[in-house]
Structure formats: structure tokens, C-alpha cells
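Below is one structure; the comments refer to it alone.
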Amino acid sequence: MVTRMAVKRVNKPLSATTTRRRFLQCASAAALMPLAARFASAAQITPDADSVLLVIDVQNCFLPGGTLPVSDGDQIIPVINALGGKFENVIFTQDWHTPGHASFASSHQGKAPFETVEMPYGTQVLWPDHCVQGSRDAQLADGLDIPHAQLIIRKGYHNEVDSYSTFVEADGSTKTGLTGYLKERGLSKVYVCGLATDFCVSWSAQDAAAAGLSVSVIEDACRGIDLDGSVLAAWKAMADAGVARISSSDIV
Ligand code: VGL
Ligand code: ZN
């Protein structure tokens, strides 16, 4: 922007008013731009054989019309499909709950969705019944079109334990096996996208970092649920864990 203005001024000097107006236009355009776009030097990332696109929970349940819809969750599907074409390695995850799962409000007398309950492993947010094993609601979104994806990893199938993370369940110790899979295949650079930014994306990204992997979250290929500022808190927790925040346009 600055460079372009400078060039224009050489061609044809601008009046003070025009210069000021242009400056204000630039300033307001910058204000509208996401922080990441303003300050991050546009990375140019070309996924290689050690890179994997990890597509978290892009399932009917989390899309408009599903049982736990994330606002605009469907809008990330074309972004993810385009990303999928740039990665040799792609993994999907699937939230895969038992009927009557302990994370469902309906399993706790007198509790409503989005209230919390104390579980042996800590505070659990209670959700509407969602992603029940074998249901249409739990299926990966119809619009996903990445036929070369290699693995679908399921989580949240232990009745008494939730699992936002696709690496370690909410008890902090039960493993899904994904770390072992990635290590055996030499996939050390993980690019995370999907639903929801503030729950399964965030916990998965943090656990991937804790496992010693290089982790980036592709912001415009995610959407959040946002309970009481949880999206902001998630970005802070991910930054503290060493997770990079990038845009799909950084991947070429
Ligand atoms: C998720 C809430 C409950 C998610 C899964 O995929 O982010 N959120 N189950
Ligand atoms: Zn769930």
C-alpha cells in the first residue's frame, strides 16, 4: 500500500486533501484486515512429504442443520478441499460418541446444554446430543472432496470420557494412537483446520505441539463455537503452546 502510494505520487503529485483522504482510506482498510494479515509476513509454505493436513471434525453435526451447528461451519469446506489438493498427506478426524455419552446434557439429570458438570477428569461442558456413532449426523460432510485422504481417526467413543483432542482424551492420559501413526509415517509438520476452533481444533493443535510436532492452524479453514470468549482464549493458548497461526493463502 505504502509503496503503491509513493509511486503514484511520483507520477502525479496529489493535493493535501487527496493525500489525507488516501491515508484515511488506507488506515481504515488496515483496520478491517485481520491482525494476522497485517503483521504476519506472508509465509510461502509448500507442503512436502513430511507435512500432513489434519481436518478436524468436519461432520454434519457441526454444520448448519446439524445437532451442534457451528456458525458458518459450511463455509470452510471449499477452503479445505482446495487445501487438500496441495497436500500429499491428509487425515480426517471424526467425533464419534456413544448414545448417552457423558458429554451430553441429556445424560445428566437437570442439566441443559452448555452448562457444565464436574467429571473425574475436570470440568466438562455439556453439549446437545451430537455425532452419535453410525448416525447421518456423525458422517463427514458430503461436500468434502479429498479422495486421497489416508486415515479417518475417531475419538470420543469411550462413554465416560470426552475427547476434544484427536491425540489424548480429556482424562489427559488415554491415547487415540494418532501420535504413533504420525511418527511411524514420519509426518512431523501438522497443518490443522476444521471445527471447532475453540474446542477440537485448539486441543488437537496444542497436543500435537506437546508431542514435539511442528504445528500450524489455518485460521480461515476453521470456525469456532465461541462460548464466553472461548475463541480468543483458544488462540492465546495455542500461541503459548508454540502453534503458528496461518492463512490458507500462505500455502502454495
Ligand atoms: C467438538 C464440542 C463437542 C468439536 C466436539 O469438534 O470442537 N466440540 N464435541
Ligand atoms: Zn463431541
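Values reported hereafter were calculated over all heavy atoms of this structure, with side chains retained and with hydrogens, waters and symmetry mates removed. Just so you know, ligand 1 is whichever comes first in the structure, and atom 1 is the first atom listed for that ligand. This is a predicted model, so every value here is computed, not measured.
Donor-acceptor pairing under 3.5 Å is lacking for the side chains of Gln44 and Asp250. When only modelled atom types and interatomic distance are considered, His130 and Asp95 share a side-chain donor-acceptor pair under 3.5 Å. Judged by distance alone, the side chains of Arg154 and Gln133 never bring a donor and an acceptor atom under 3.5 Å apart. Side-chain contact annotation: Ser165 with Asp207, donor-acceptor N/O pair under 3.5 Å present. Side-chain contact, His158 with Glu169: a donor N or O sits under 3.5 Å from an acceptor N or O.
Ligand 1 has no N or O atom lying under 3.5 Å from any N or O atom of Ile225, backbone or side chain. In terms of N/O distances under 3.5 Å, ligand 1 is not approached by Trp127. Between Asp95 and ligand 1, at least one pair of N/O atoms sits closer than 3.5 Å. Between Val201 and ligand 1, no N or O atom pair is found at a separation short of 3.5 Å. For Asp57, a nitrogen or oxygen atom sits less than 3.5 Å from a nitrogen or oxygen atom of ligand 1, counting backbone and side chain alike.
In summary, Asp162 places no N/O/S atom under 2.8 Å from the Zn ion (ligand 2), failing the contact criterion. Inclusion of His130 in the first shell of the Zn ion (ligand 2) is supported: an N, O or S atom falls under 2.8 Å. When distances to the Zn ion (ligand 2) are checked against a cut-off of 2.8 Å, Cys61 contributes no N, O or S atom below that limit.
A disulfide is assigned to Cys131 and Cys61, since their SG atoms are nearer than 2.5 Å.
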Practice task
Give the intermediate values and the outcome of side-chain hydrogen bond (donor to acceptor under 3.5 Å, both in side chains) for residues Asp137 and Thr67.
Solution key: CA-CA 7 Å; Asp137 192 56; Thr67 49; 2.5 Å; yes
Exercise for the section: Before giving the answer on side-chain hydrogen bond (donor to acceptor under 3.5 Å, both in side chains), spell out for Asp162 and Gln124 the whole-Å C-alpha distance, their side-chain angles and the decisive distance to 0.1 Å. Expected result: CA-CA 8 Å; Asp162 204 1; Gln124 169 74 49; 3.0 Å; yes
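Taking the Zn ion (ligand 2) as reference, the nearest N/O/S atom within Asp95 carries the name OD2.
Closest protein heavy atom to atom 1 (C) of ligand 1: Cys200 SG, 3.3 Å.
Contact check on Arg223 versus Asp198 returns no salt bridge, with no Lys/Arg side-chain nitrogen under 4.0 Å from an Asp/Glu carboxylate oxygen.
Residue Ala196 approaches ligand 1 through these ligand atoms, each under 4.0 Å from one of its heavy atoms: 4 (C), 6 (O), 7 (O). Remark: ligand 1 atoms within the under-4.0 Å shell around heavy atoms of His130 are 3 (C), 9 (N).
Proximity of Asp198 to ligand 1, defined as any heavy-atom pair under 4.0 Å, is not found for any part of the residue.
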